[in-house]
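These notes are about the structure you will find just below.
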Amino acid sequence: MKQRRVRFAPSPTGPLHMGGVRTALYNYLYAKQAGGKFILRIEDTDSHRFVPGSEEYVIESLHWCGIVPDEGVDKDGKIVETPCAEHPHAPYRQSQRKHIYRKYAEQLVSTGNAYYAFDTPEELDALRKEAEAKKSSFTYNYHSRTSLKNSLTLPAEDVERRLAQESGWTIRFKIPENRVVKMNDLIRGDIEVNTSTLDDKVLWKRTDELPTYHLANIVDDYLMEITEVIRGEEWLPSLPLHYLLYEAFGWEENRPQFAHLSLLLKPDGKGKLSKRDGDRLGFPVFPLQWTNEDGEISHGYREDGYFPEAFVNILAFLGWNPGNEQEIFTLEELIEVFSLERVVKSGARFNHDKAKWYNQEYLRRKSTKELVKAFRALEGERLSAFDDNYIGAAVELIKERAYFVHEFWNLCGFLFEAPQEYDPSGVNKFWKDDIKGIIPQVAHFLENMEPFSSNVIEENLENLIITRSWGMGKVMNTLRLLLVGRSSGPGVADIMEILGKKEVLRRISNAIARLG
RNA sequence: GGCCCUAUCGACUAGUUGGUUAGGUCGCAACUCUCUCAAGGUUGAAACACGAGUUCGAAUCUCGUUGGGGCUACCA
């Protein structure tokens with residue numbers, strides 16, 4: 001079997017959305033499992049919508065996820081522009097392949113599969129508005145093209161003159177009339193469409209003298225020897241055109257197989273997931289943070305504290321499952337078990353809670369060493385006076401209660417800074433006259449405790465409290481309040497062990513002094 | 001409007017050759033553990049969109065309806 005070659009082909013019109021990352025991921029998994037190549041190609045044939053920085057954003061996003069292209073991007077993370085052994089099909093940016101497409105577009109005209117059209121955008125707009133007024137719609141097709149300005153209707157000399165004189169003309173594909181195109185999709189099975197419902201799509205644009213997606217895409221997939229096209233469902237309606245193009249070029253033998261992925265839907269309401277949903281519902285829709293030209297910041301999974309492994313896992317399970325009950329998969333494991341047959345056909349709704357759960361699962365799987373490093377990266381200054389062992393003990397105490405590393409400080413900051421104030425409702429509830437007499441006795445008892453370890457503290461303290469009939473809850477909750485300033489948190493004995501005897505006694509006496 | 005795709009708990013989904021108490025995960029609830037809050041453990045509520053048809057028997061096959069999604073640009 002020949003080598004599998006798949007591609008991810010985003011257009012640089014802004015930040016890559018998580019749905020795009022999922023498409024890239026599925027392509028990557030498919031390629032890696034088959035021992036094939038994953039290619040990145042930049043489809044920048046729309047000069048008007050180009051957004052600076054989006055190409056770099058795509059590459060950085062994929063890199064963060066560990067979805068690294070085999071072809072199209074060099075070791076420095078740049079799109080390859082000149083062919084070499086590893087990147088034989090360069091350039092991988094379509095704007096730099098313009099000369100290639102022109103030839104193929106004209107080939108289609110000469111074989112009668114396409115024609116020059118001279119209608120201006122304004123003329124076509126007018127026709128659309130006119131049709132709209134009559135509650136119908138204008139379509140450039142077998143029916144209407146006979147009455148429009150193109151090389152099919154105009155005399156040959158007129159066409160010659162226009163091609164020579166006029167700067168603007170487009171090339172349109174001549175969709176055959178009343179034929180059934182039989183297609184196959186790896187996920188959806190057989191699909192049939194009658195060509196009479198299709199329109200004569202523009203293949204070559206007059207406005208920026210570049211091919212449209214349809215032409216560039218087919219030519220590049222052919223030239224780059226792509227074997228499977230795994231892309232979003234929004235392309236399904238143009239699949240018949242793409243089939244027809246392969247046929248018109250005589251490339252049917254080399255036509256890739258297609259797989260159309262369902263779209264990611266809004267968590268609530270209607271429609272597909274969009275940029276705005278993230279801000280509205282409080283979760284990121286982009287892998288990495290993005291700042292647009294107006295300075296507006298969109299959240300990114302990376303900056304919001306998601307681990308890339310978790311993000312990849314979340315994406316993989318949005319529209320695919322392994323068929324068993326395992327939910328946590330590394331990239332390597334996903335490569336092993338992924339299959340297009342198990343991709344779900346209907347759209348998947350993103351769920352923020354489940355995404356957080358995934359991150360929590362990955363957080364729990366991290367070693368203390370890794371978490372200490374991540375914690376330091378986030379809270380460097382506040383932790384600088386403490387060594388890794390101390391921070392490690394703190395992390396181990398609270399890691400089970402966190403979804404994200406950025407929650408660590410709130411969960412265990414009291415181990416690094418003595419409380420500045422005491423939760424008023426806790427004070428109100430616990431700091432009563434009887435306990436005021438008990439706490440100094442407890443402090444005195446702790447002074448002589450050796451070793452000052454969680455188990456010893458727990459056991460002895462419990463004995464003391466029970467013997468004196470003080471009440472476990474009352475004493476322990478008060479101690480927690482005095483030690484950390486709050487009435488909730490980890491076990492008191494565990495907190496004491498990490499703080500150490502000296503600090504514990506200091507905090508208790510400070511608290512007594514402060515609270516009176 | 002037209003064309004195409006799609007339809008199982010609130011969400012993600014299993015259920016690939018028709019026969020299951022329709023399973024799992026997130027979330028939710030209760031109980032439990034417990035010095036608090038989490039976490040953990042146990043349990044529970046929760047779904048085959050609807051209508052025909054085929055069949056002894058349909059979540060599963062067929063048709064229709066309805067819902068959802070996409071496309072309908074000289075955007076991708």
Side-chain angles (χ1 to χ4, degrees), chain A residues 9-13 43-46 48-49 117 119-121 124-125 128 132 135-140 168-172 185 187-188 191-194 196-199 201-214 216-217 231-240 260 262-263 265 267-268 270-272 314 317-328 341-342 344-358 360 364 398-402 411 426 429-430 458 461-462 465 471-481 486-493:
Chain A
S11 56
T13 54
E43 309 226 322
D44 55 347
T45 54
D46 186 351
H48 307 287
R49 289 208 308 158
D119 319 271
T120 66
L124 295 174
D125 265 355
R128 286 197 185 91
E132 210 174 300
K135 285 189 175 177
S136 68
S137 61
F138 169 75
T139 313
Y140 210 120
W169 42 264
T170 66
I171 293 175
R172 282 181 183 270
D185 182 281
I187 296 169
R188 293 155 206 282
I191 302 168
E192 293 187 1
V193 172
N194 189 300
S196 295
T197 64
L198 271 26
D199 64 331
K201 276 274 175 293
V202 169
L203 260 23
W204 190 270
K205 299 180 278 183
R206 95 197 287 176
T207 52
D208 47 14
E209 297 185 311
L210 244 22
T212 58
Y213 168 86
H214 303 291
N217 187 267
R231 68 202 335 183
E233 195 184 13
E234 70 269 28
W235 295 110
L236 202 47
S238 46
L239 186 59
H260 291 88
S262 62
L263 271 12
L265 271 21
D268 65 335
K270 296 180 174 186
K272 62 175 175 177
I314 291 163
F317 270 67
L318 240 31
W320 172 87
N321 72 82
N324 59 34
E325 282 167 9
Q326 187 181 342
E327 302 231 33
I328 304 296
E341 293 76 53
R342 295 206 64 88
V344 177
K345 289 187 274 197
S346 52
R349 233 171 261 278
F350 173 76
N351 186 274
H352 192 28
D353 282 326
K354 187 116 187 210
K356 281 161 69 180
W357 174 79
Y358 268 111
Q360 182 185 41
R364 287 178 177 184
I398 50 88
K399 64 181 278 193
E400 294 290 313
R401 22 200 349 134
L411 256 16
K429 189 174 175 190
F430 298 114
E458 173 114 48
L461 215 45
E462 196 179 326
I465 292 166
M472 273 297 271
K474 197 163 75 177
V475 176
M476 295 305 252
N477 283 318
T478 307
L479 281 171
R480 180 183 293 100
L481 179 69
R486 283 187 257 177
S487 42
S488 68
V492 171

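None of the values given here were measured: they were computed from a predicted structure. Letters A, B, ... mirror the listed sequences (proteins, then strands); counts begin at 1.
- Base contact: A:T170 has a heavy atom under 4.0 Å from a base atom.
- Side chain of A:R49 to main chain of A:D44: no donor-acceptor pair is present (N/O by atom type, distance under 3.5 Å, no hydrogens or angles).
- B:rA45 and B:rU13 are spaced 24 Å apart, taking the P atom of each and rounding to whole Å.
- Looking only at side-chain heavy atoms (C-beta outward), A:K354 and A:I314 stay at 4.5 Å or farther from each other.
- In this structure, the OH atom of A:Y358 is 10 Å from the P atom of B:rU13, given to the nearest Å.
- A:K201 places its NZ atom 12 Å from the P atom of B:rC71, with the value rounded to the nearest Å.
- Checked by atom type and distance alone, the side chain of A:D185 pairs as donor or acceptor with a backbone atom of A:H260 at under 3.5 Å.
- Distance, A:R49 CZ to B:rC74 P: 13 Å, rounded to whole Å.
- Across B:rC5, B:rA76, B:rA14, the shortest atom-to-atom separation from the side chain of A:N321 is found for B:rA14.
- Only the P atoms considered, B:rC63 is 33 Å distant from B:rG24, to the nearest whole Å.
- In this structure, A:I398 reaches neither bases nor backbone, as no heavy-atom distance under 4.0 Å exists between it and the strands shown.
- Listed for the A:N321 side chain is a donor-acceptor partner under 3.5 Å among the backbone atoms of A:G323.
- Across the protein-nucleic acid pair, A:L318 atom CG and B:rU13 atom P stand 7 Å apart, rounded to whole Å.
- The side chain of A:R206 lies closest to B:rC74 when the candidates are B:rU6, B:rG15, B:rC74.
- Within the 3.5 Å criterion, the main-chain N or O of A:G426 finds no donor-acceptor partner in the side chain of A:R486.
- A:K272 places none of its side-chain heavy atoms less than 4.5 Å from the side chain of A:S262.
- Taking 4.0 angstrom as the limit, A:T212 places none of its side-chain polar atoms (N or O) nearer than this to OP1 or OP2 of B:rA76.
- B:rA14 is unpaired under the Watson-Crick or G-U wobble criterion, no partner having all donor-acceptor distances under 3.5 Å.
- Taken from CD in A:E233 to NZ in A:K345, the straight-line distance is 11.5 Å, to the nearest 0.5 Å.
- B:rU16 sits 16 Å from B:rA49 when the P atoms are compared, rounded to a whole Å.
- A:V475 comes within 4.0 angstrom of no nucleic acid atom, judged by non-hydrogen atoms across all strands.
- For the P atoms, the distance linking B:rA59 with B:rG53 amounts to 15 Å, nearest Å.
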### Message
At under 4.0 Å between heavy atoms, how does the protein contact nucleotides 22-35 of chain B? Give one character per nucleotide, 5' to 3', with B, S or -.
### Response
-SSBSS-------B
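- Checking side-chain atoms of A:N217 against main-chain N and O of A:Y213 turns up no donor-acceptor pair under 3.5 Å.
- For B:rC5, its base never sits under 3.5 Å from the side chain of A:R188 at any donor and acceptor pair.
- No side-chain heavy atom of A:K474 sits under 4.5 Å from any side-chain heavy atom of A:I465.
- Heavy atoms of A:W235 sit under 4.0 angstrom from at least one base atom.
- Counting to the nearest Å, the P atom of B:rC71 and the CG atom of A:L236 are 11 Å from each other.
- Between B:rC4, B:rC71, B:rC74, one nucleotide has an atom nearer to the side chain of A:R172 than all others, and that is B:rC74.
- The listed nucleotides are B:rG40, B:rG70, B:rC74; the one nearest the side chain of A:R364 is B:rG40.
- You'll find the side chain of A:L461 stays beyond 4.5 Å of the side chain of A:V475, heavy atoms only.
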### Query
Could you run down nucleotides 60-65 of chain B 5' to 3' and tag each one B, S or - for protein heavy-atom contact under 4.0 Å?
------
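- Taking CG from A:N477 and NZ from A:K429, the interatomic distance works out to 7.0 Å, rounded to the nearest 0.5 Å.
- Applying the Watson-Crick and G-U wobble criteria (two distances, each under 3.5 Å), B:rC71 pairs with B:rG2.
- If you check every strand for non-hydrogen atoms under 4.0 Å, A:R486 touches nothing.
- A heavy-atom distance below 4.5 Å is not found between the side chains of A:W169 and A:R206.
- Here B:rA76 is the nucleotide among B:rA76, B:rG70, B:rC12 with the atom lying nearest to any side-chain atom of A:S11.
- For the P atom pair drawn from B:rA14 and B:rG67, the interatomic distance equals 25 Å after rounding to whole Å.
- Taking atom C1' in both B:rG51 and B:rA46, the straight-line distance is 25 Å, to the nearest Å.
- In this structure, A:I314 atom CD1 and B:rU13 atom C1' are separated by 16 Å, rounded to whole Å.
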Return the polar atom pairs (N/O with N/O) between nucleotides 46-49 of chain B and the protein under 3.5 Å, or none.
none

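- Note on A:K135: every side-chain N or O is 4.0 Å or more away from OP1 and OP2 of B:rG2.
- Closest approach to the A:R349 side chain among B:rC71, B:rA11, B:rC75 is made by B:rA11 (side chain taken as heavy atoms from C-beta onward).
- Whole-Å rounding puts the A:E132 CD to B:rG2 P distance at 16 Å.
- Here the CG atom belonging to A:L318 is positioned 9.0 Å from the CG atom belonging to A:N351, to the nearest 0.5 angstrom.
- For B:rU72, the OP1/OP2 oxygens have no side-chain nitrogen or oxygen of A:S238 closer than 4.0 Å.
- Applying the Watson-Crick and G-U wobble criteria (two distances, each under 3.5 Å), B:rA49 pairs with B:rU65.
- Side chain of A:E43, nearest nucleotide from B:rG15, B:rA76, B:rC74: B:rA76.
- Among the atoms of the strands shown, none is found under 4.0 Å from any heavy atom of A:N217.
- Within 4.0 Å of A:T120, counting heavy atoms only, lies at least one base atom of the nucleic acid.
- A:E234 CD to A:L263 CG: the interatomic distance, rounded to the nearest 0.5 Å, is 5.5 Å.
- One C1' atom belongs to B:rG1, the other to B:rU60, and the distance between them is 34 Å to the nearest Å.
- At a threshold of 4.5 Å between non-hydrogen side-chain atoms, the residues A:K356 and A:H352 count as touching.
- Across all strands shown, B:rU54 has no partner, as no Watson-Crick or G-U wobble contact with both distances under 3.5 Å is found.
- Across all strands shown, B:rG40 forms a Watson-Crick or G-U wobble pair with B:rU32, both key distances being under 3.5 Å.
- Nearest to the side chain of A:L124, among B:rC74, B:rC71, B:rA14, sits B:rC74.
- Closest to the side chain of A:L263, from the set B:rG70, B:rU13, B:rC5, is B:rG70.
- B:rA11 atom C1' lies 15 Å from atom CZ of A:F317, rounded to whole Å.
- Using a 4.0 Å heavy-atom distance criterion, A:S488 is classed as a base contact.
- Nearest to the side chain of A:V344, among B:rG69, B:rA14, B:rU6, sits B:rA14.
- Rounded to whole Å, the separation between the P atoms of B:rC61 and B:rU8 comes to 13 Å.
- A donor-acceptor contact shorter than 3.5 Å links the side chain of A:K205 to the backbone of A:T45.
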